[in-house]
Every structure is written in C-alpha cells, then in structure tokens.
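Worksheet for the structure shown next.
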Amino acid sequence: MSKPTVTHSTFTINRFYPHPPEKVFAAFSDPARKRRWFAEGDGFEVSEFTMDFRVGGVETCRFRMSGDTPVSGMEGVNDTVYQDIVQDKRVVLAYTMTINGARISASLSTTEFFPAEGGSNLLFTEQVAFFENADGPAMREAGFQELLDQLGKELDAH
C-alpha cells in the first residue's frame, strides 16, 4: 500500500471575549469588520475580499504574502461557501486554500458563540484535509490562533 497523500486533522480553539455574543457574531457577518481582522494585517496584501454572508453564499479572499519571509510573494486564495448560519449562535463554512495555484487543503469550520459572564465564549472547530505541500496541522492551528487574536483587537477597537 502506498503512503497516503492526504493528512487529516481536527482542532478546537476556545476563546473568551469581554463582549456579548451578538457583537462577536457581527464581526463575522459584517464584510468590512471581517476583512479587517481576517484578511488584513502585517505580511498580507489583500487584492480581493468579497463576502455574501448567507447560507449558500460565497466568500473569496485573494492575497499576496509580503515582508521578509520565505513565503514572501506567494499568492493565496481562500474560497468559502457558507453552509449554516444561526444568528448570534453559529457559523458553519466549507473552504479551500490555494497557494500559487495549487490547492493545499479543504476544510469544514464551525464557529459557535455562547454567552458567558462578562462576555462570550467562542468555540472554533476545524476539520481539515491537507494535500501535498500544505502548511499542515500545527501551522493551520497557529494561524487561527493569530486570527482570533486579531478578532479580539477588532472587537476592542470597534
């Protein structure tokens, strides 16, 4: 039997934010807010960000990695389809990542929002299939940890 070419992984991240679930959910549903915390940031030049936040709606993020790193100049594309949305409670989406024209992964992500004393808990779960030349489970989870840090800054600022 030959070696599998797909690596499967699942990870979960739980975060507390001192903001109500409605405000945290709004940072996922409002295109301007989501672009700020999800697509923009140091090391990324965004060339396209479109978002149709509804079940069956599509989100596309096209970016180029910049800065003084080994990945500088690489083009990434995140193509998303919203699978399920429950206002202020849940967002389920499927997405693929492509780097320099090569598909590297396909994922199903679930983000849940729970009221908590003094704010809300966000529970993020990702089930992912990594293909050849992919970033891999550790890098993907670290990337989402950084994104959720950015979300916290967005919530505090707006």
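Throughout, residue positions are numbered sequentially from 1 according to the sequence presented.
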Worked check of side chain to side chain contact (heavy atoms under 4.5 Å, CB included) between E59 and F38: CA-CA 12 Å; E59 176 181 304; F38 182 79; 3.8 Å; yes
Chi angles and distances behind the side chain to side chain contact (heavy atoms under 4.5 Å, CB included) call for D156, Y17: CA-CA 9 Å; D156 291 345; Y17 296 105; over 6 Å; no
Rounded to the nearest 0.5 Å, how far does [atom2] of [Y] lie from [atom1] of [X]?
X: D30; Y: R35; atom1: CG; atom2: CZ; answer: 12.5 Å
X: M97; Y: R103; atom1: CE; atom2: CZ; answer: 10.5 Å
X: Q127; Y: T12; atom1: CD; atom2: OG1; answer: 8.5 Å
X: F63; Y: S47; atom1: CZ; atom2: OG; answer: 9.0 Å
X: F113; Y: R15; atom1: CZ; atom2: CZ; answer: 13.5 Å

How about [X] and [Y]: do any of their side-chain heavy atoms sit closer than 4.5 Å?
X: V91; Y: F25; value: yes
X: V58; Y: T50; value: no
X: Q145; Y: F124; value: no
X: T98; Y: R62; value: no
X: S29; Y: F53; value: yes
X: F44; Y: M65; value: yes
X: L122; Y: L151; value: yes
X: K23; Y: R33; value: yes

Working for side-chain hydrogen bond (donor to acceptor under 3.5 Å, both in side chains), residues S9 and R140: CA-CA 10 Å; S9 181; R140 185 65 59 91; over 6 Å; no
Write down the atom of [X], the atom of [Y], and the distance for their closest heavy-atom approach.
X: S120; Y: H19; answer: OG-O, 2.8 Å
X: F144; Y: I13; answer: CB-CD1, 3.9 Å
X: A39; Y: C61; answer: CB-SG, 3.6 Å

Taking a hydrophobic cluster as the set of Ile, Leu, Val, Met, Phe, Trp and Tyr residues connected by side-chain heavy atoms closer than 4.5 Å, whether directly or through intermediates, do [X] and [Y] fall within one such cluster?
X: V46; Y: I99; value: yes
X: F130; Y: F11; value: no
X: I104; Y: L108; value: no
X: Y95; Y: M74; value: yes

Check against ring-ring contact (aromatic ring centres under 6.0 Å, His included), F28 and Y82: CA-CA 12 Å; F28 280 77; Y82 289 97; 9.5 Å; no
Check against side chain to side chain contact (heavy atoms under 4.5 Å, CB included), K34 and F49: CA-CA 10 Å; K34 186 167 184 191; F49 184 84; 4.2 Å; yes
R64 side chain vs G73 backbone, donor-acceptor pair below 3.5 Å: yes
More than 12 heavy atoms from other groups under 6.0 Å of CG on N14: yes
CA sep, side-chain torsions, deciding dist, call: L155, W37, side chain to side chain contact (heavy atoms under 4.5 Å, CB included): CA-CA 9 Å; L155 292 167; W37 71 264; over 6 Å; no
Reference residue V92; test side chain to side chain contact (heavy atoms under 4.5 Å, CB included); the match among T125, T110, V55: T110
Distance-only polar pair, side chains of N78 and T80, donor-acceptor under 3.5 Å: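 Yes, a side-chain donor-acceptor pair sits under 3.5 Å.
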E126 side chain to S107 side chain, donor-acceptor N/O pair below 3.5 angstrom: yes
